[in-house]
Number of protein chains: 2
Amino acid sequence: MKIGAVARETGLTAKAIRYYESQGLVKSRRRDNGYRDYGRDNIKQLTLLARARRVGFSLQECAELLALFDDTERHSADVKKAVQQKIAQLDEQLDNLTRMRDTLEELAQRCQGDEQAQCAILNDLSAANRPMPFTLLGDTPNLPEDSHE
Amino acid sequence: MKIGAVARETGLTAKAIRYYESQGLVKSRRRDNGYRDYGRDNIKQLTLLARARRVGFSLQECAELLALFDDTERHSADVKKAVQQKIAQLDEQLDNLTRMRDTLEELAQRCQGDEQAQCAILNDLSAANRPMPFTLLGDTPNLPEDSHE
DNA sequence: ATAAACCTTACCCCAGGGTTAAGGTCAACG
DNA sequence: CGTTGACCTTAACCCTGGGGTAAGGTTTAT
């Protein structure tokens, strides 16, 4: 099976599949003409990879899942643990996003939203000392680091 | 005020401030020795920038907020509209993450989590046809594109 | 024979910086 | 006077997770 067919079957792009290979997540044999060639095992791996990505696993984490997948001595408890950790991470992200959302909601409510230049949102966001009359993300100092996960 | 002091005051890193300047979001005057020098206006802008970032605005969107901030002819309605659009974006992200979370929850429940190699999670994630007995993200084909927003 | 549809590698691009490296400046201390 | 340490400067490479494009080789069908 050539890469294009695999892409259609897994929902990945050919580019992504090559990228995963370059990162050591999957391997492929080559035909005489240099084309990558995939068998049933590869397709199972790539299907797992695609779905794990879709539910929020990072490539690093997908690599660990694939290692478990290929390990016939694995314990299902290990897989379950990884999934539960990912659930906990998602919960944390959900918390952060919810706090952002609520902060914006409160800002919006304090703004007239009319023709005037006076704007409570800009005032609150740029004020020097304690800007918000309500908690801004619980004073967590480093939110940006969460967003790239 | 030198960049280090501004960094401490706004919670940004000096690097980030220089990066914002390189992207045209803020400007700074220079002292004779080449050091960046910031006044009250700069600090207000950077405070706004830092807080807008923390509540989920992209750099591009922050640029628009700063333009409104500097525009004395602005209408507060425009600012409010931007905030409400961001709220809608956050709601969409929250939806996606919630679906991921629920999918993982169902996968985990179907897994024994014991010493055995047999694992429902890996089976479901790698199976060929209809893998999940439940909806996987509502069959949305392209979730990864949302994550980089 | 030639065009369409594949495939290959290789390069630059995005956000949002972190992390060196290599060096200039400035204050205080001995 | 010299030196140490804390600043500051630019430049340049690293990360994630690929997208996009280019330049070229292959295969297939017409």
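Here is the naming used below: chain letters follow the sequence lines, and residue numbers restart at 1 for every chain. Note that the structure is a prediction, hence the values are computed from the model and not measured. The analysis underlying the following values was restricted to heavy atoms, covering all of them including side chains, and did not include hydrogens, waters or symmetry mates.
Within the 4.0 angstrom heavy-atom criterion, only backbone atoms of the sugar-phosphate kind lie near Arg36(B); the bases stay farther away. Using a 4.0 Å heavy-atom distance criterion, Arg31(A) is classed as making no nucleic acid contact.
A close approach under 4.0 Å does not occur between any side-chain nitrogen or oxygen of Asn33(A) and OP1 or OP2 of dT8(C). Side-chain nitrogen and oxygen atoms of Arg53(B) include at least one within less than 4.0 Å of the OP1 or OP2 phosphate oxygen of dG17(C). Considering only side-chain N and O atoms, Arg30(B) lies under 4.0 angstrom from the phosphate OP1 or OP2 of dT10(D). Close to dG17(C), at under 4.0 Å from its OP1 or OP2, lies no side-chain N or O of Thr13(B). Put simply, Tyr19(B) has no side-chain N or O that comes within less than 4.0 Å of OP1 or OP2 on dG18(C).
A salt bridge (charged side-chain N to carboxylate O under 4.0 Å, His left out) with Glu21(B) is found for one member of Lys15(B), Arg29(B), Arg36(B), Lys27(B) and no other, namely Arg36(B).
Side-chain contact between Leu25(A) and Gln45(A) is absent, with no heavy atoms from C-beta onward closer than 4.5 Å. Looking at Leu59(A) and Tyr20(A), their side chains come closer than 4.5 Å, going by heavy atoms from C-beta outward. Side-chain contact check for Phe57(B) versus Leu48(B): every heavy-atom pair is 4.5 Å or farther apart.
In this structure, Leu49(A) places its CG atom 11 Å from P of dG17(D), rounding to the nearest Å. The separation between Ile3(B) atom CD1 and dT9(D) atom C1' is 10 Å, rounded to whole Å. Summarising the geometry, the separation between CD1 on Ile17(B) and P on dG17(C) is reported as 11 Å, rounded to the nearest angstrom. Regarding Asp32(B), its CG atom lies at a distance of 15 Å from the C1' atom of dC8(D), rounded to whole Å. When rounded to the nearest whole Å, the span between NZ of Lys2(B) and C1' of dC8(D) equals 7 Å. Gln60(B) has its CD atom 14 Å from the C1' atom of dG16(C), to the nearest Å. One can place CD of Glu21(A) at 18 Å from P of dG17(D), the figure rounded to the nearest angstrom. One can place OH of Tyr20(A) at 8 Å from C1' of dG18(D), the figure rounded to the nearest angstrom.
When only modelled atom types and interatomic distance are considered, Gln84(B) and Lys81(B) share no side-chain donor-acceptor pair under 3.5 Å. For the residue pair Glu64(B)/Gln60(B), the side-chain donor-acceptor check at 3.5 Å is satisfied.
Comparing the start and finish of the helix from dA1(C)-dT30(D) to dG30(C)-dC1(D), five pairs each, the helix axis swings through 30°, to the nearest 10 degrees.
No donor-acceptor pair under 3.5 Å is formed between the side chain of Asp102(B) and the backbone N or O of Arg99(B).
Comparing Phe57(B) and Tyr35(B) by the nucleotide of DNA chain C that holds the closest heavy atom to each, the one mapping nearer the 5' end is Phe57(B).
The base of dG18(D) does not come close enough to the side chain of Lys15(A) for any donor and acceptor atom to sit less than 3.5 Å apart.
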